[in-house]
Amino acid sequence: MNVSIIVPVFNEEKYIFSQLEKVERVRHTLFEYSEIIIVNDGSSDGTEAKINQFIATVPLDKNSEVIVLHNDVNQGKGACLKLGIKKASNEFIIIQDADLEYSPDDWADLIKPIQDNHADVVYGSRFIGEKPHRILYFWHYAGNRIITFFSNLFTDMNLSDVNCGYKVFPRNSIDIEKLHEKRFAIDVEITIMLSNKPNLRFYEVGIGYYGREKNEGKKTTWSDGVKALYSVFKYGDPKKIPFVNFLTKISPNIYFLIFFTWATILRLTQYFARGSFWLDECTIALNLRDRNYAELLQPLDYNQVAPIGFLLTTKFFINHLGQNELSYRIIPAFSGVFSIVLLYLFVRKFATTRIALIGSFIFIFPIVFTYYSAEVKQYMSDSFFTLAILYLYFQFFHKQESIPKAILLGVFGGLFIGFSNIIIIILTSIGIYGIISLIRSFSVNRLLSYTFLGAIWLLSFFQYYTHFIKNHSNEQGMQNYWANFFAPIPTSFADLLWVPDNLWYFFKQWLGHHGSTWMPFLLLIIAIYLCFRKKQYRYLFLLLPMVIHVILSMFKLYPFDNKRLILYLAPLLITFISVGIYQLSAHFKYALLATILFTWIVTARPRQEAEYWFNHKPRREHIRPVLNYISENIQDGDKIYIYYGSIRAFRFYKSWFGLDRYESIEGFPEGRRPEEFVQQIEDMEGRTWILFSHMNDPNGVKYIEDMVADIGIKDQHIGEGSKTYLVSFP
């Protein structure tokens, strides 16, 4: 057996002479023909002098040559091995580190499977066998196991130590020009290259390991581990992973069907389990219950504002499905379930099928969508109609413009204005996009088509604005309520940070990323950068509604609340994040696997939260069981004191439990009317049920609880976000 022993060395003055002496001694024992190729990697200590000292001791032998190569500057282990392999002239290569961590005495075990004609490639392993190995750093071990695991995943082998410095392999099995790694990741690259060669038989044998600590000259760091892991994904062949082959054969529509089913289960589970209305829901529900269709066209009670289409449609379902929470919440539930369908259809047409699948998967899990799919509010339907008009535009009109299609799309857009207060922002975005498209590719037909489309939308909005928005009696109340949620006109650096701060909060609180907010935010930045770099400007359209919304907010026309009012932007931001994942994955050799990995990482926290909600089904202010308890235990002559935050819920539900026939006292708000609040409590007499929900004023709650504790509680029932005490006032 003839071998070339490659010894990469960098600043090993302390060990190199001893190690080379061992190499010289063992090679004469084991090999008929051998050469030592020492690659001095720009050492700056006395390493070169020690190498020269060793050469002076080696007797001349035509069968045992010593070759010394030099790099002028340090380039890394990978560069040294590439240089050494290129120079090698013998049949087999042995890699020998220059320090004393590995002993050449183990060569006999390494080459035996080859000599016995059982193997073509043999790896040493520090983790098998009975030879001694030094106990050192746990995290180095853990990192090595992770790298080895993923290496095995991509090579379909069961190595135990891919980073081991001892490897024996045929010289002609390495394509020198295809080796790229310059540092320690070369171990992974060589392994993957060898695994791709047909008919090579791999063996692994246990070796001794006499590891060094950092103060003894160990040079690998955590960054080398990261680079090695990156190299696994860079050079590995996912076709060797059975499930990857399986995944590539599945139709995209099957994937989407799985995603849709998953999202539907999460949304509907919360829809059916949500329980009682909380304060805000009760406020809108009272208007829906107490008004007929015509009256819903007038300004609502309790300073409420909602799209006319949303109100009328919800009223229709209430009339036909009965007075229950499910009837009131059916529009949000429908919107939550089918928004993912529209997202998939729109993005598949606007971008690519893979981006559509990424976006659909991300869209499944954020709790914000599950939450607003089970609340009597229009925010989830805002997302639904946003995606609906975008899908209709890109599917049936964009690049297929005609006057009949313009009229049809105009009618849809006009109807959607009545169902969503924010749809005008989306229509404006489409209009700007259409104007840009028209400028780039002008034709009279396109001009007329867009003119008809814009005219219908403007007329529809004008009619809606005139009848339902202009001079609305609740307008000032809404302005006051949202006063702190208007964007500032930039006059300082802090003003410029207002939008990023709000987006950060949006990702943190409403896309379910809390401690990992940086991940989707970073992907957003990457997507913007890559769109400019690759001149894929069309994707920036996804950010245009946000830009328009911010401008409107600056002029106090529409607040930019970082929760509900920009929820319609979430599908667009998710799509843009999906663009970032798609474009980033394209930089990897196997983009599909990178896409799966990035998407899985991005959804890690949202999936965890979705699982919690699915298992625990949290309810916000579940007042019905408390009211039922009062109904079953109340006596003639009892009164009901209703804490201020519970008033609207009690008004809505009291007839359900026959409590409208008992005397009820509606409490004053402690925060705004403290004297009246206290006086009302002090004037209480007789047996009284004190009802709590929406306990947002802890001072008021504490005052009442301290007082009833002194008097004595005769009965009580504690629910989810709601409770009651029975007290006999003197």
S.K.: Find the distance between OH (Y379) and OG (S373) and round it off to the nearest 0.5 Å.
M.R.: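 Atom-to-atom, Y379:OH and S373:OG are 14.5 Å apart.
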
S.K.: May I ask you to check whether over 12 heavy atoms, not counting those of K714, lie within 6.0 Å of atom NZ?
M.R.: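 Atom NZ in K714 is not packed in, count stays at 12 or less.
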
S.K.: Can you check whether G686's main-chain N or O pairs, donor with acceptor, with T688's side chain at less than 3.5 Å?
M.R.: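 Indeed, once roles are kept as given, a pair shorter than 3.5 Å links the two residues.
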
S.K.: Check R564 with D382, please: is the shortest side-chain N to carboxylate O separation under 4.0 Å?
M.R.: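 Here D382 does not pair with R564 in a salt bridge, since their nearest N and O are not under 4.0 Å apart.
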
S.K.: Tell me if a side-chain donor or acceptor on R289 pairs with a main-chain N or O of F652 at a distance below 3.5 Å.
M.R.: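 The answer is yes, because a donor-acceptor pair under 3.5 Å joins these two groups.
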
S.K.: Answer yes or no: does atom CZ of F412 have more than 12 heavy-atom neighbours from other residues, nucleotides or ligands under 6.0 Å?
M.R.: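 For F412, atom CZ is not crowded (no more than 12 foreign heavy atoms under 6.0 Å).
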
S.K.: Please determine which of L387, L390, L542, I362 meets the side chain to side chain contact (heavy atoms under 4.5 Å, CB included) test together with P571.
M.R.: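 Running side chain to side chain contact (heavy atoms under 4.5 Å, CB included) over L387, L390, L542, I362 with P571 returns exactly one hit, L387.
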
S.K.: Show the numbers, then the answer: is there a side chain to side chain contact (heavy atoms under 4.5 Å, CB included) between Q463 and S460?
M.R.: CA-CA 5 Å; Q463 292 293 325; S460 300; 5.9 Å; no

S.K.: So how far is it from F650 CZ to L627 CG, rounded to the nearest 0.5 Å?
M.R.: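 It comes to 7.0 Å.
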
S.K.: For the residue pair F256 and L357, establish whether any side-chain heavy-atom pair is separated by less than 4.5 Å.
M.R.: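 Yes, close enough: below the 4.5 Å cut-off.
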
S.K.: For a side chain to side chain contact (heavy atoms under 4.5 Å, CB included) with F310, tell me which candidate from L312, T314, T313, I308 qualifies.
M.R.: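 Of L312, T314, T313, I308, side chain to side chain contact (heavy atoms under 4.5 Å, CB included) with F310 is met by T314 alone.
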
S.K.: With sequence neighbours left out, write down each residue that passes side chain to side chain contact (heavy atoms under 4.5 Å, CB included) with V499, or none if nothing qualifies.
M.R.: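 In terms of side chain to side chain contact (heavy atoms under 4.5 Å, CB included), with neighbours along the sequence ignored, V499 is linked to L503, V550.
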
S.K.: Please examine the side chains of W457 and I430, heavy atoms only from C-beta on, and report whether any two atoms are closer than 4.5 Å.
M.R.: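 A side-chain contact exists here, since the closest heavy-atom pair is under 4.5 Å.
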
S.K.: Taking the six-membered ring for Trp, are Y568 and H549 parallel (under 30°), tilted (30 to 60°) or perpendicular (over 60°)?
M.R.: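 Rings of Y568 and H549: parallel, under 30°.
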
S.K.: Above 12 or not: heavy atoms from other molecules or residues under 6.0 Å from CZ of F462?
M.R.: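 Result for CZ/F462: open.
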
S.K.: Which atom names give the shortest non-hydrogen contact between P625 and S276, and what distance separates them?
M.R.: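 The answer is CD-OG, 4.3 Å.
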
S.K.: With a 4.5 Å heavy-atom cut-off, do F259 and L343 have their side chains touching?
M.R.: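 Result no, sub-4.5 Å side-chain heavy-atom pair not found.
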
S.K.: Start with the C-alpha gap between L286 and D301, add the side-chain angles, then the distance that decides, and say whether side chain to side chain contact (heavy atoms under 4.5 Å, CB included) holds.
M.R.: CA-CA 8 Å; L286 285 167; D301 296 328; over 6 Å; no

S.K.: So how far is it from I704 CD1 to Y641 OH, rounded to the nearest 0.5 Å?
M.R.: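 Here the rounded value is 4.0 Å.
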
S.K.: Can you check whether I690 reaches L726 side chain to side chain, under 4.5 Å on heavy atoms?
M.R.: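 Sidechains of L726 and I690: no contact.
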
S.K.: Any side-chain donor paired with an acceptor under 3.5 Å for S722 and H622?
M.R.: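 No.
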
S.K.: Could you check whether F677 and Y703 have their ring centres less than 6.0 Å apart?
M.R.: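 Yes, they do, as the ring centres are separated by less than 6.0 Å.
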
S.K.: Using the ring of each side chain (for Trp, its six-membered ring), is F365 parallel, tilted or perpendicular to F361, with breaks at 30° and 60°?
M.R.: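 Judged by the thresholds at 30° and 60°, the geometry between F365 and F361 is perpendicular.
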
S.K.: State, to 0.1 Å, how close M684 and F729 come at their nearest heavy-atom pair, and which atoms those are.
M.R.: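 Heavy atoms only, the tightest pair is O-CB, 3.4 Å.
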
S.K.: In this structure, is the centre-to-centre distance between the rings of F317 and F334 below 6.0 Å?
M.R.: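 No, too far apart.
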
S.K.: Using modelled atom types only, decide if a donor and an acceptor are shared between the side chain of K315 and the backbone of L288 within a distance under 3.5 Å.
M.R.: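 It does hold such a pair.
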
S.K.: Can you find a pair of side-chain heavy atoms, one from M546 and one from I566, that are under 4.5 Å apart?
M.R.: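 They are not in side-chain contact.
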
S.K.: Identify the heavy atoms of S327 and Y271 that sit nearest to each other, and give their distance.
M.R.: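 Closest heavy-atom pair between S327 and Y271: N-OH, 4.5 Å.
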
S.K.: Tell me whether Q378 contacts the main-chain N or O of P307 through its side chain, where contact means a donor paired with an acceptor under 3.5 Å.
M.R.: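 Side chain of Q378 to backbone of P307: no pair is present.
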
S.K.: Any chance you could measure R329, atom CZ, to M380, atom CE, to the nearest 0.5 Å?
M.R.: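 Output value for this atom pair is 15.5 Å.
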
S.K.: Could you tell me if Y558 and N421 have a donor-acceptor pair between their side chains, going purely by distance under 3.5 Å?
M.R.: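 There is no such pair (donor and acceptor under 3.5 Å, judged by atom type) between the side chains of N421 and Y558.
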
S.K.: So which heavy atom on S360 is nearest to which on A356, and how close?
M.R.: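 Closest pair (atom of S360, atom of A356, distance): OG-O, 2.7 Å.
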
S.K.: Of the options T724, N633, D638, which is the one that meets W689 in a side chain to side chain donor-acceptor pair (under 3.5 Å)?
M.R.: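 So the option named by the test is D638.
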
S.K.: Going by atom type alone, with no hydrogens or angles, which donor-acceptor pairs under 3.5 Å involve a side-chain atom of residues 653-664 and a protein atom two or more places apart or on another chain?
M.R.:
unit_1, atom_1, unit_2, atom_2, d
Y653, OH, F277, N, 2.7
Y653, OH, E325, OE2, 2.7

S.K.: What distance separates N696 CG from Y644 OH, expressed to the nearest 0.5 Å?
M.R.: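 That separation rounds to 11.0 Å.
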
S.K.: Mind running side chain to side chain contact (heavy atoms under 4.5 Å, CB included) on D280 and I284 for me, showing each step along the way?
M.R.: CA-CA 7 Å; D280 279 14; I284 196 73; over 6 Å; no

S.K.: Looking at R607 and T603, would you say the former's side chain and the latter's main chain have a donor-acceptor pair under 3.5 Å?
M.R.: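 Yes.
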
S.K.: Hey, does the side chain of R619 reach the backbone of E720 with a donor-acceptor pair shorter than 3.5 angstrom?
M.R.: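 Not confirmed, R619 side chain does not pair with E720 backbone.
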
S.K.: Please confirm whether the backbone N or O of V678 pairs with a side-chain atom of E670, one donor and one acceptor, at under 3.5 Å?
M.R.: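 Not a single qualifying donor-acceptor pair exists.
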
S.K.: Heavy-atom count check: over 12 atoms from other residues, nucleotides or ligands less than 6.0 Å from E682 CD?
M.R.: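 Result for CD/E682: enclosed.
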
S.K.: Only one of R651, K639, R648, R673 forms a salt bridge (charged side-chain N to carboxylate O under 4.0 Å, His left out) with E666, so which one is it?
M.R.: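 Result for salt bridge (charged side-chain N to carboxylate O under 4.0 Å, His left out) with E666: R651.
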
S.K.: Does the separation of the ring centres of F384 and F338 fall below 6.0 angstrom?
M.R.: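 For F384 and F338, the ring centres are not under 6.0 Å apart.
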
S.K.: Under 6.0 Å from the six-membered ring centre of Y371 and within 45° of its axis: does the NZ or CZ of R274 meet both?
M.R.: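 The answer is yes; both the distance and angle limits are met.
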
S.K.: Within the structure provided, determine whether S429 and F541 are in side-chain contact (heavy-atom separation under 4.5 Å).
M.R.: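 Yes. Closest side-chain heavy atoms under 4.5 Å.
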
S.K.: Closest heavy-atom contact between S381 and F419?
M.R.: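 The answer is OG-O, 4.4 Å.
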
S.K.: Taking Y643 as the fixed residue, which of F668, Y725, F692 is the one that meets the ring-ring contact (aromatic ring centres under 6.0 Å, His included) rule?
M.R.: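 For Y643, the ring-ring contact (aromatic ring centres under 6.0 Å, His included) check succeeds only for F692.
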
S.K.: Ignoring hydrogens, what is the shortest heavy-atom contact between L572 and P545? Give both atom names and the distance.
M.R.: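 Here L572 and P545 meet closest at CD1-CG, 3.6 Å.
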
S.K.: Side-chain contact test, heavy atoms from C-beta onward, threshold under 4.5 Å: evaluate it for F560 versus L569 and give yes or no.
M.R.: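 Yes, side chains in contact.
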
S.K.: Would you please test F260 and V337 for side chain to side chain contact (heavy atoms under 4.5 Å, CB included) and show each step?
M.R.: CA-CA 8 Å; F260 172 73; V337 169; 3.7 Å; yes

S.K.: Give me the one residue out of Q304, Q298, E295 that meets side chain to side chain contact (heavy atoms under 4.5 Å, CB included) with N287.
M.R.: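 The residue from Q304, Q298, E295 that satisfies side chain to side chain contact (heavy atoms under 4.5 Å, CB included) with N287 turns out to be Q304.
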
S.K.: Please determine whether the number of non-hydrogen atoms from other residues, nucleotides or ligands lying under 6.0 Å from atom OH of Y612 exceeds 12.
M.R.: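 Counting neighbours around OH of Y612, 12 or fewer heavy atoms of other residues, nucleotides or ligands fall under 6.0 Å, so no.
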
S.K.: Output the distance between atom CD1 (I422) and atom OG (S383), rounded to the nearest 0.5 Å.
M.R.: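 Separation between the atoms: 7.5 Å.
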
S.K.: In the structure I gave you, are the side-chain heavy atoms of E609 and R605 within less than 4.5 Å of one another anywhere?
M.R.: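 Touching, per the 4.5 Å side-chain cut-off.
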
